Amino acid sequence: MLSVCLCHAEQAYGEVNQLGGVFVNGRPLPNAIRLRIVELAQLGIRPCDISRQLRVSHGCVSKILARYNETGSILPGAIGGSKPRVTTPNVVKHIREYKQGDPGIFAWEIRDRLLADNVCDKYNVPSVSSISRILRNKIGNLSQPSQYENVKQQSSQPTIPYNHLYQYPYPNPISPGSTKVGSHHPGVHVPTGHCQHSQVLAISPFCQ
DNA sequence: TTCGTGACGGTTGAA
DNA sequence: CATTCAACCGTCACG
């Protein structure tokens, strides 16, 4: 019971599951635990045992392991936000082109051109304020915004990959979070490294 | 017994 | 600035 690392006031709150484990409803498990799940699995421990040992539901263990096998990342998916409704990648691309062709162009002019060029129709053309926001947020310095349209990659490496404020113990920069496809060696690439020799089960190499 | 799955109640964050 | 709402979360229970 008192083996859990409550080091700090951390997120000592939350709810307790059937196995006695602490979790925060709606929030991802801490990276430290996600990492342990993968590590134990690589050690040959069965998912059902991992579940009991870490007190994480087997459904969750199953999900995290499956995701790791697929993407090579232990990180949770991107939560929140909303998909572009009118601001599709294609629209953004055109706006960028218009802006590059005429840096002094007004948002309303861009809007007109989107319609004129049939990039959008009157039902899905972005509002002028949306266009302004696009110019500000996505285009900003139109110096050399990389030609390729990495549809959803662009926001993956601004600063820290995940949770800057959320009080998760962040032991190490697991997989860079973004370039998931990079390591397609599931089962060879667990970013251990810091778990020296001490038994992997020690729960608090990184409290705090 | 183990494990995949999906409903559920929850949080997040770009638009 | 506040609101929307679709994305993801982990747990639980079923099969």
Side-chain angles (χ1 to χ4, degrees), chain A residues 4 10-38 40-96 107 110-111 114 119-120 123-140 149-170 174-175 177-178 180 186-187:
Chain A
V4 184
E10 290 295 0
Q11 37 131 158
Y13 46 88
E15 301 164 57
V16 176
N17 64 24
Q18 292 178 324
L19 299 173
V22 176
F23 70 101
V24 180
N25 198 2
R27 299 295 328 172
L29 243 29
N31 281 325
I33 293 180
R34 311 178 79 86
L35 179 59
R36 297 286 313 291
I37 289 172
V38 172
L40 294 181
Q42 305 242 307
L43 259 39
I45 315 274
R46 298 200 170 284
C48 58
D49 293 322
I50 296 174
S51 170
R52 282 189 283 260
Q53 230 165 80
L54 300 183
R55 301 189 195 287
V56 170
S57 67
H58 89 262
C60 183
V61 169
S62 173
K63 182 176 170 180
I64 289 175
L65 253 21
R67 184 198 297 270
Y68 177 74
N69 285 329
E70 236 178 274
T71 68
S73 170
I74 67 163
L75 298 176
I79 301 173
S82 63
K83 281 199 162 172
R85 305 193 235 273
V86 293
T87 311
T88 61
N90 185 47
V91 170
V92 174
K93 185 184 73 179
H94 278 83
I95 293 176
R96 177 180 295 130
I110 289 176
R111 188 169 188 274
L114 287 171
V119 176
C120 304
Y123 297 109
N124 65 6
V125 67
S127 65
V128 171
S129 57
S130 287
I131 292 172
S132 295
R133 181 165 45 199
I134 293 167
L135 290 173
R136 184 172 0 110
N137 298 341
K138 296 187 185 297
I139 298 181
E149 200 53 87
N150 268 350
V151 189
K152 62 176 301 185
Q153 279 316 33
Q154 53 188 150
S155 64
S156 14
Q157 50 166 239
T159 38
I160 354 184
Y162 179 63
N163 86 54
H164 28 291
L165 291 179
Y166 206 66
Q167 47 268 67
Y168 277 164
Y170 206 77
I174 326 280
S175 32
S178 40
K180 47 337 184 54

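The model shown is predicted, which means the values in this text are computed figures rather than measured ones. All chains are named by letter (A, B, ...) in the order of the sequence lines, taking the proteins before the strands, and each is independently numbered beginning at 1.
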- Message: Could you go through A:Ile134 and A:Arg96, starting from their C-alpha distance and side-chain angles, then the distance that decides it, and tell me whether this counts as side chain to side chain contact (heavy atoms under 4.5 Å, CB included)?
- Response: CA-CA 9 Å; A:Ile134 293 167; A:Arg96 177 180 295 130; over 6 Å; no
- Item | N/O (side chain, A:Gln18) to phosphate O (OP1/OP2, C:dA13) under 4.0 Å |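 Affirmative; the distance criterion is met.
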- Presence of A:Arg67 side-chain N/O under 4.0 Å of C:dG10 phosphate oxygens OP1/OP2: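 Answer is no, no contact under 4.0 Å.
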- Item | Letter per nucleotide, 5' to 3', of nucleotides 1-6 of chain C [B base touched, S only sugar-phosphate touched, - untouched; heavy atoms, 4.0 Å] | -----B
Rounded distance (Å) that lies between atom [atom2] of [N] and atom [atom1] of [X]:
{"X": "A:Arg55", "N": "C:dT11", "atom1": "CZ", "atom2": "P", "result": "13 Å"}
{"X": "A:Glu70", "N": "B:dG4", "atom1": "CD", "atom2": "P", "result": "12 Å"}
{"X": "A:Arg34", "N": "C:dC8", "atom1": "CZ", "atom2": "C1'", "result": "10 Å"}
{"X": "A:Leu65", "N": "B:dT5", "atom1": "CG", "atom2": "P", "result": "14 Å"}
{"X": "A:Leu135", "N": "B:dA15", "atom1": "CG", "atom2": "P", "result": "13 Å"}
{"X": "A:Ile95", "N": "B:dA15", "atom1": "CD1", "atom2": "C1'", "result": "14 Å"}
{"X": "A:Ile64", "N": "C:dC9", "atom1": "CD1", "atom2": "C1'", "result": "10 Å"}
{"X": "A:Asn17", "N": "B:dG9", "atom1": "CG", "atom2": "P", "result": "18 Å"}

- Determine, stepwise, if the pair A:Ile110 / A:Leu135 fulfils side chain to side chain contact (heavy atoms under 4.5 Å, CB included). CA-CA 10 Å; A:Ile110 289 176; A:Leu135 290 173; 4.0 Å; yes
Can you tell which of [options] lies closest to the side chain of [X]?
{"X": "A:Arg52", "options": "B:dT11, B:dT2, C:dG10", "answer": "B:dT2"}
{"X": "A:Asn25", "options": "B:dG10, C:dC12, B:dC3", "answer": "B:dG10"}
{"X": "A:Arg27", "options": "B:dT5, C:dC9, B:dT12", "answer": "B:dT12"}

How far apart are the closest heavy atoms of [X] and [Y], and which atoms are they?
{"X": "A:Asn17", "Y": "A:Ser57", "result": "ND2-N, 4.2 Å"}
{"X": "A:Val91", "Y": "A:Pro126", "result": "CG1-CG, 3.9 Å"}
{"X": "A:Phe23", "Y": "A:Val16", "result": "CE2-C, 3.8 Å"}

- Task: Could you check whether A:Cys60 gets within reach of a base, just the sugar-phosphate, or nothing at all, counting any heavy atom under 4.0 Å?
- Result: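 Base contact - A:Cys60 has a heavy atom under 4.0 Å of at least one base atom.
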- Message: Over all strands shown, is A:Val56 touching base, sugar-phosphate only, or nothing at heavy-atom distances under 4.0 angstrom?
- Response: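 Sugar-phosphate contact only.
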- Message: Taking A:His58's backbone N and O only, do any of them form a donor-acceptor pair with A:Ser62's side chain (distance below 3.5 Å, no angle check)?
- Response: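 No.
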- Item | Residue met sooner reading DNA chain C from 5', once A:Lys63 and A:Leu19 are mapped to nucleotides |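 Between the two, 5'-proximity favours A:Lys63.
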- Listed once per pair and sorted, the salt bridge (charged side-chain N to carboxylate O under 4.0 Å, His left out) pairs that draw on residues 56-69 of chain A, sequence neighbours left out: none
- Item | 5' priority, DNA chain B, between A:Ser62 and A:Glu15 [closest heavy atom] | A:Ser62
- Item | Position toward the 5' end of DNA chain B (nearest nucleotide), A:Ser130 or A:Gly26 |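 Its nearest nucleotide lies further toward 5', so the answer is A:Gly26.
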- Task: Evaluate the criterion side chain to side chain contact (heavy atoms under 4.5 Å, CB included) for residue pair A:Asn31 and A:Leu75; output intermediate values, then yes/no.
- Result: CA-CA 7 Å; A:Asn31 281 325; A:Leu75 298 176; 3.4 Å; yes
- Are the ring of A:His58 and the base ring of B:dT2 both nearer than 5.5 Å at their centres and tilted by less than 30°? no
